[in-house]
Undergrad: 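Questions regarding the structure given below will be posed in turn.
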Amino acid sequence: MRMPLKTRLTLLFVTMFAVIVAAWSIFVVFVVRADLYAGIDRALDSRASQLAVGLQGSADGEFQDITDSTLVGLSPTEATAQLLSSTGTVLESSGDTMSVDAIVSPEVLARAERTHAAQLLTISAHDGEHFRVLVVKLTGADRLILVGASTENADASVKRLILIMLLTGPLALLAAGMGGWLLAQRALRPVSRMTSTAARIGIDALSERVPVPTEGDELAGLAVTLNNMLSRLEAGVQAKRRLVADASHELQTPLAVMRTELDVSLASGTLPPDAVEVLESAREETDRMTRIVRNLLTLAHFDEGTLRLLPVPVDLHEVASEAVSSLATLAREREVKVGVEGDAAEVVADPEYLRVVVINLLENAIKYSGPGSTATVTTGLDDDDALLTVSDTGPGIPADALPHIFDRFYRADASRAHENSGSGLGLAIACEIVEAHRGKLTAESEQGVGSRFVVRLTAREPDPIG
Ligand code: ADP
């Protein structure tokens with residue numbers, strides 16, 4: 001899985017901060033070091049000038065005399081001075097490096113001799129200590145003055161600075177990381193809100209809108225764009241629902257007329273047997289189409305929120321008997337035995353919609369059970385409830401499909417479903433109708449044994465006697 005955007009933003013921020021801090025630290029260390037060395041160089045320069053003045057002032061050029069006066073206050077461990085001949089022989093020496101040899105290479109001395117220019121360089125002593133050294137030629141004499149100072153203090157200051165930066169750097173990075181995380185969280189909070197709202201908006205809740213951040217920034221633009229898209233989607237879905245509702249409503253009348261005309265023709269009794277067979281098949285298809293149109297219309301009413309139930313006292317047993325007889329032809333064709341069992345069970349419900357429920361359940365029981373199986377509708381009372389059960393001895397429904405069969409457009413076994421025309425809407429509609437009556441529709445099934453669908457509604461209270 002990819003890292004969340006919040007984490008990636010924070011990491012990017014911390015990395016950039018680390019690079020900037022590192023570059024800045026290196027720059028500061030270089031500047032401070034250069035500054036400290038420049039201070040040493042300035043001190044060396046003034047010492048060399050003092051020595052030169054002193055030497056030139058004395059008649060015999062006694063070095064020791066001058067060092068006494070010019071090197072006053074210089075700690076011997078910090079500073080050194082030598083008076084050299086033009087060939088590099090140490091004539092006099094003072095300070096830390098009481099050496100008999102010149103502490104710089106002969107090339108440097110030769111260059112100072114030849115160019116008359118001051119030579120400034122850093123050298124390492126044997127003990128690893130570093131010195132800044134200045135070599136100048138005494139004007140008018142065959143002598144060179146060398147002054148040096150240890151860089152130990154300056155180096156220690158630089159080291160201390162590096163240490164402080166190394167110690168505080170990670171803390172600064174941690175603080176930056178936490179700050180970055182909080183910033184990213186704050187910046188992305190509107191996105192999380194939009195995401196959770198958008199995830200909630202299903203086809204049934206297209207009127208909802210994602211929250212628009214008040215800042216009026218890019219995220220607000222995104223939210224407005226999403227909301228505009230939702231508006232267009234809502235309008236499109238509404239137009240489609242309207243079309244389905246209108247089309248199915250318009251189809252009802254011609255289908256009813258066709259059904260009546262077929263009944264009349266079949267009732268005449270003058271038709272040859274071939275024609276009777278064709279007309280009976282046409283009547284069966286008309287019935288099937290009527291059921292489909294009825295389902296579509298119910299669905300459209302549900303979606304538009306215009307379902308109007310007209311509840312009256314109804315006996316579930318009667319509804320079951322009607323459904324069985326209206327599906328008798330289909331059952332015969334499929335060689336499925338259908339029957340009604342049980343007792344009267346009165347409820348207060350819309351008989352038209354109850355019929356849709358029972359027909360959808362029984363049609364499935366017939367459609368999905370193979371030849372030779374049985375589909376039974378049983379009605380009865382269970383305490384305060386009235387029950388209608390449609391059971392079959394068909395192949396059953398796989399356990400993993402069972403929780404989904406009431407979802408719209410769900411068809412359990414694609415290969416088997418293909419043999420039986422259907423849209424995956426029958427059970428969803430049945431379930432919505434039962435729930436609209438404050439009832440419950442449940443399914444149980446065992447593969448290879450059969451399925452059972454139970455409609456549970458509140459039983460009608462018996463009329464008070466007298
Ligand atoms: P349709 O029958 O149009 O496919 P339904 O919503 O009525 O849609 O049913 C959903 C699915 O549940 C069906 O595709 C079928 O696989 C399964 N199903 C429903 N009733 C039965 C039954 N009695 N026996 C076996 N499978 C069934």
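Atoms within a ligand are numbered from 1 in the order they appear, just like the ligands themselves. Sequence positions, counted from 1, serve as the residue numbers for this chain.
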Undergrad: Do we see a donor-acceptor contact under 3.5 Å between the side chains of Ser231 and Arg209?
TA: yes
Undergrad: Side chains of Thr151 and His130: is there a donor and an acceptor less than 3.5 Å apart?
TA: no
Undergrad: Any atoms of ligand 1 less than 4.0 Å from a non-hydrogen atom of Lys367? List them with their elements.
TA: 2 (O)
Undergrad: Do Glu129 and Ser150 meet the criterion of a side-chain donor-acceptor pair at a distance under 3.5 Å?
TA: yes
Undergrad: Heavy-atom contacts with Leu425 under 4.0 Å: which atoms of ligand 1 show up? List them by number with element.
TA: 6 (O), 8 (O)
Undergrad: Is a side-chain donor-acceptor pair under 3.5 Å present for Ser268 with Thr270?
TA: yes
Undergrad: Does Phe453 reach ligand 1, in the sense of a heavy atom lying below 4.0 Å from it?
TA: yes
Undergrad: Do other residues, nucleotides or ligands put more than 12 heavy atoms under 6.0 Å from His249 NE2?
TA: no
Undergrad: Determine, for Arg294 against Glu352, whether the closest basic-nitrogen to carboxylate-oxygen distance falls under 4.0 angstrom.
TA: yes
Undergrad: Between Asn360, Asp392, Asn295, flag the one that comes closest to atom 23 (N) of ligand 1 by a heavy atom.
TA: Asp392
Undergrad: With a 4.0 Å cut-off on heavy atoms, is Glu363 in contact with ligand 1?
TA: no
Undergrad: So for Gly394, does at least one of its heavy atoms come nearer than 4.0 angstrom to any atom of ligand 1?
TA: no
Undergrad: Could you list which atoms of ligand 1 come closer than 4.0 Å to a heavy atom of Gly426?
TA: 5 (P), 6 (O), 7 (O)
Undergrad: Which is closest to atom 9 (O) of ligand 1 by heavy-atom distance: Ile429, Ile292, Leu427?
TA: Leu427
Undergrad: Taking only heavy atoms of Gly424, which atoms of ligand 1 are found under 4.0 Å from at least one of them?
TA: 1 (P), 3 (O), 4 (O), 6 (O), 8 (O)
Undergrad: Whether Arg259 and Asp263 form a salt bridge (side-chain N of Lys/Arg under 4.0 Å from carboxylate O of Asp/Glu) is what I want to check.
TA: yes
Undergrad: Against heavy atoms of Tyr410, which atoms of ligand 1 measure under 4.0 Å?
TA: 10 (C), 11 (C)
